[in-house]
Amino acid sequence: MATDELFDERALFKFTSGLYVVSAADGDEVGACIINTGLQVTSKPFQVQVVVNKENHTEQVIEKAGHFALCPLTQDVDMLYIGRFGFRSSADIDKFDGVKTETTSLGDPYECEHAASVIACEVRQTLDVGTHMIFVGEVKEARPLSDVEPLTYGYYHTVLKGKTPPKASSYIG
């Protein structure tokens with residue numbers, strides 16, 4: 001944690017973002033995790049970026065598959081769901097077991113109950129930023145799934161009293 005009077009990490013907590021499930025499938029290998037870094041970066045062509053910790057199984061699956069699905073979560077999500085997708089590894093459990101799941105046109109699974117929309121992307125660029133990889137994907141499919149308000153990171157922290165896991169890009173410690 002920085003102690004310099006010119007650097008107060010609390011300033012970074014003022015960034016707004018949502019919570020998303022990013023998922024990918026490469027054959028029988030499936031990965032899914034919660035991230036707080038999904039962002040539209042261009043509109044011609046439509047591209048979005050996701051930032052995934054290199055220690056996450058999902059990051060490895062996205063690299064192999066070359067595509068991913070991104071679903072903004074809705075405010076009606078519960079902490080059991082957050083725990084399933086955010087605090088457990090896809091290498092150890094099937095995160096989609098027991099939840100309503102669909103598949104994008106690119107073959108990536110996504111859950112339907114707590115997703116505001118689904119965006120399916122083919123990876124166009126990657127950037128290694130140390131602990132995380134940035135994947136920029138060209139949008140191949142995009143559909144709204146719910147009218148429930150999207151879950152912001154602020155709502156997650158203040159209303160749901162959620163914690164930031166160590167593999168999150170915003171984790172400070």
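Computed from a predicted structure; not experimentally measured.
Contacts of T103 classified as side chain to side chain contact (heavy atoms under 4.5 Å, CB included), with partners at least two apart in sequence or in another chain: none. For R143, the salt bridge (charged side-chain N to carboxylate O under 4.0 Å, His left out) partners at least two apart in sequence or on another chain are E141. Under the salt bridge (charged side-chain N to carboxylate O under 4.0 Å, His left out) criterion, E138 pairs with R124, K140, not counting sequence neighbours. With sequence neighbours excluded, the residues that form a ring pair (Phe, Tyr, Trp, His ring centres under 6.0 Å) with F85 are Y81, F96. For E102, the side chain to side chain contact (heavy atoms under 4.5 Å, CB included) partners are K100, Y110, C112, not counting sequence neighbours. Every residue two or more places apart in sequence or in another chain was checked for a side chain to side chain donor-acceptor pair (under 3.5 Å) with D94, and none qualifies. For D128, the salt bridge (charged side-chain N to carboxylate O under 4.0 Å, His left out) partners at least two apart in sequence or on another chain are K54. With sequence neighbours left out, the side chain to side chain contact (heavy atoms under 4.5 Å, CB included) criterion links C33 to V22, I35, V52, N56, T58, K95. Scored by the side chain to side chain contact (heavy atoms under 4.5 Å, CB included) test, T131 finds no partners at all (sequence neighbours excluded). When the side chain to side chain donor-acceptor pair (under 3.5 Å) test is applied to S90, no partner is found at least two apart in sequence or on another chain. With sequence neighbours excluded, the residues satisfying salt bridge (charged side-chain N to carboxylate O under 4.0 Å, His left out) with K64 are E29.
The structure places CD1 of I119 at 11.5 Å from OG1 of T104, a figure rounded to the nearest 0.5 Å. To the nearest 0.5 Å, atoms OG (S17) and CG (L151) are separated by 9.5 Å. The CD1 atom of I34 sits 11.0 Å away from the CZ atom of R84 when rounded to the nearest 0.5 Å. For the atom pair D78 CG and H114 NE2, the distance stands at 5.0 Å (nearest 0.5 Å). A distance of 8.0 Å separates OG of S23 from CD1 of I62, quoted to the nearest 0.5 Å. If you take CG on L73 and OG on S117, they are separated by 10.0 Å, rounding to the nearest 0.5 Å.
Put simply, V129 and V136 are part of the same group of oily side chains (I, L, V, M, F, W, Y) that touch within less than 4.5 Å, one to the next. There is no path of hydrophobic side-chain contacts, each under 4.5 Å, that joins V30 to V61. V123 and V118 are assigned to two separate hydrophobic clusters, defined by single-linkage of ILVMFWY side chains at heavy-atom distances under 4.5 Å. Residues V21 and M79 are members of one and the same hydrophobic cluster, defined by side-chain heavy-atom contacts under 4.5 angstrom among Ile, Leu, Val, Met, Phe, Trp and Tyr.
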Exercise. Please step through side chain to side chain contact (heavy atoms under 4.5 Å, CB included) for the pair L106 and E122, ending with a clear verdict.
Key: CA-CA 8 Å; L106 299 175; E122 287 183 354; 3.8 Å; yes
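T101 approaches P109 most closely through the heavy-atom pair CG2-CB, 3.9 Å. Scanning both residues, N53 and E59, for their nearest heavy atoms gives O-CB, 3.3 Å.
The closest donor-acceptor contact from the side chain of D108 to the backbone of A25 lies under 3.5 Å.
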Donor-acceptor pairs under 3.5 angstrom involving side-chain atoms of residues 43-50: please list them, not counting sequence neighbours.
residue: Q47; atom: NE2; partner: T42; partner atom: OG1; Å: 3.0

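Among V51, L127, T37, the single residue meeting the side chain to side chain contact (heavy atoms under 4.5 Å, CB included) criterion with H132 is V51.
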